[in-house]
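Take a look at the structure set out below.
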Amino acid sequence: QVQLVESGGGLVQAGGSLRLSCAASGRTSSSYAMGWFRQAPGKEREFVAAISRIGGRTIYADSVKGRFAVSRDNAKNTVYLQMNSLKPEDTADYYCAAAQVALHLTVPQGQEQYDYWGQGTQVTVSS
């Protein structure tokens, strides 16, 4: 079992930045690939970014590429999502998730591939 707790959400003006954190407990964080997803009101949950078990590979949705950066500190059992140049369309509940993968550099993109989910943190970007 892995428990995930997101933090760092809040209200920010367009063009501003936020850093989300996801603290993991229960198992060594390096055992899992980690992903970030978001869900806006009335919309389906969508993939945002993910990082491999050892942090060597990352992947981003086209909508956030160049603005967001995912990283991890396995010693602290924490994954981060740095969000820059925020836009109103980034407003959503953001969730972190952990995926059990066999290979160190696997980066899943489908939410069905993730085994554990956090409770989410709200991000609101004002225009």
Side-chain angles (χ1 to χ4, degrees):
Q1 292 288 318
V2 175
Q3 295 79 46
L4 305 173
V5 180
E6 304 96 333
S7 62
L11 175 65
V12 65
Q13 293 183 334
S17 298
L18 284 174
R19 188 180 74 164
L20 305 184
S21 298
C22 176
S25 62
R27 297 290 298 271
T28 302
S29 62
S30 62
S31 297
Y32 302 90
M34 300 295 297
W36 287 94
F37 294 79
R38 67 186 182 186
Q39 186 169 22
K43 301 293 183 66
E44 295 292 316
R45 181 153 49 185
E46 65 177 354
F47 172 80
V48 176
I51 187 167
S52 60
R53 289 171 59 182
I54 61 173
R57 299 180 68 184
T58 57
I59 190 167
Y60 300 91
D62 289 341
S63 59
V64 306
K65 191 173 298 182
R67 299 188 297 120
F68 290 11
V70 61
S71 61
R72 67 191 300 166
D73 186 340
N74 287 344
K76 297 181 179 180
N77 292 318
T78 302
V79 180
Y80 305 95
L81 184 67
Q82 179 67 47
M83 305 185 294
N84 300 320
S85 302
L86 283 163
K87 305 174 181 179
E89 51 262 46
D90 295 318
T91 295
D93 290 328
Y94 283 73
Y95 301 86
C96 68
Q100 293 179 301
V101 295
L103 303 178
H104 283 72
L105 297 180
T106 298
V107 186
Q109 298 180 60
Q111 57 183 304
E112 72 279 358
Q113 297 177 273
Y114 287 83
D115 303 287
Y116 304 100
W117 294 80
Q119 297 299 305
T121 185
Q122 173 69 44
V123 172
T124 301
V125 183
S126 61
S127 60

* **Nearest atoms (heavy-atom pairs only) where Ala33 meets Pro108** => CB-CD, 3.6 Å
* Using the ring of each side chain (for Trp, its six-membered ring), is Tyr116 parallel, tilted or perpendicular to Tyr32, with breaks at 30° and 60°? -> perpendicular
* Hey, does the side chain of Ser52 reach the backbone of Arg57 with a donor-acceptor pair shorter than 3.5 angstrom? -> yes
* Can you find a pair of side-chain heavy atoms, one from Met83 and one from Val12, that are under 4.5 Å apart? -> no
* **Met34-Val107 co-clustered via ILVMFWY side chain contacts under 4.5 Å** => no
* Going only through I, L, V, M, F, W and Y residues with side-chain contacts under 4.5 Å, is there a path from Val2 to Tyr95? -> no
* To do: State whether Lys87 and Asp90 are salt-bridged, where the test is any N-O pair (Lys NZ or Arg NE/NH1/NH2 against Asp/Glu carboxylate O) under 4.0 Å.
  => no
* Asked: For the residue pair Ala14 and Ser127, what are the closest heavy atoms and their distance?
  -> CB-CA, 4.4 Å
* **For Arg19, salt bridge (Lys or Arg N to Asp or Glu O under 4.0 Å) partners two or more places apart** => none
* What distance do Gln1 atom CD and Ser25 atom OG have between them, rounded to the nearest 0.5 Å? -> 10.5 Å
* Does Cys96 offer a backbone N or O that forms a donor-acceptor pair with the side chain of Glu6 under 3.5 Å? -> yes
* Flag yes if more than 12 heavy atoms outside Glu112 fall under 6.0 Å of its CD atom; otherwise flag no. => yes
* Would you give the length of the straight line joining atom OH of Tyr60 to atom CZ of Phe47, rounded to the nearest 0.5 angstrom? => 9.0 Å
* Enter the distance from Gln82:CD to Phe68:CZ here, rounded to the nearest 0.5 Å. => 9.5 Å
* In terms of hydrophobic clustering (I, L, V, M, F, W, Y; side-chain heavy atoms under 4.5 Å; direct or indirect links), are Tyr114 and Val79 co-clustered? -> no
* Asked: Is the shortest heavy-atom distance from the side chain of Val101 to the side chain of Arg53 under 4.5 Å?
  -> yes
* Asked: Can you tell me how far the CZ atom of Arg38 sits from the CD atom of Glu89, to the nearest 0.5 Å?
  -> 8.0 Å
* Once you round to the nearest 0.5 Å, how far does OG1 of Thr58 lie from CG of Leu105? -> 11.5 Å
* Count the heavy atoms of every other residue, nucleotide or ligand shown that sit under 6.0 Å from CD of Gln39, and state whether that count exceeds 12. => yes
* To do: For Thr124 and Thr91, indicate whether the former's side chain and the latter's backbone hold a donor-acceptor pair under 3.5 Å.
  => no
* Asked: Out of curiosity, does Phe37 fall in the hydrophobic cluster containing Leu4 (side-chain heavy atoms, cut-off under 4.5 Å, transitive links)?
  -> no
* Could you tell me whether the side chain of Gln100 and the main chain of Ser31 form a donor-acceptor pair under 3.5 Å? => no
* To do: Could you tell me which non-hydrogen atom of Leu81 sits nearest to which non-hydrogen atom of Ala49, and how far apart they are?
  => CD1-CB, 4.2 Å
* Structure fact -> For Ser17 and Ser85 the tightest heavy-atom approach is OG-N, 4.3 Å
* Are Val70 and Leu86 connected in the hydrophobic side-chain network, where two residues link if heavy atoms are under 4.5 Å apart? -> yes
* To do: Would you check if the side chain of Arg45 reaches a backbone N or O of Asp93 as a donor-acceptor pair within less than 3.5 Å?
  => no
* At what distance, to the nearest 0.5 angstrom, does OH of Tyr80 lie from OG of Ser7? -> 9.0 Å
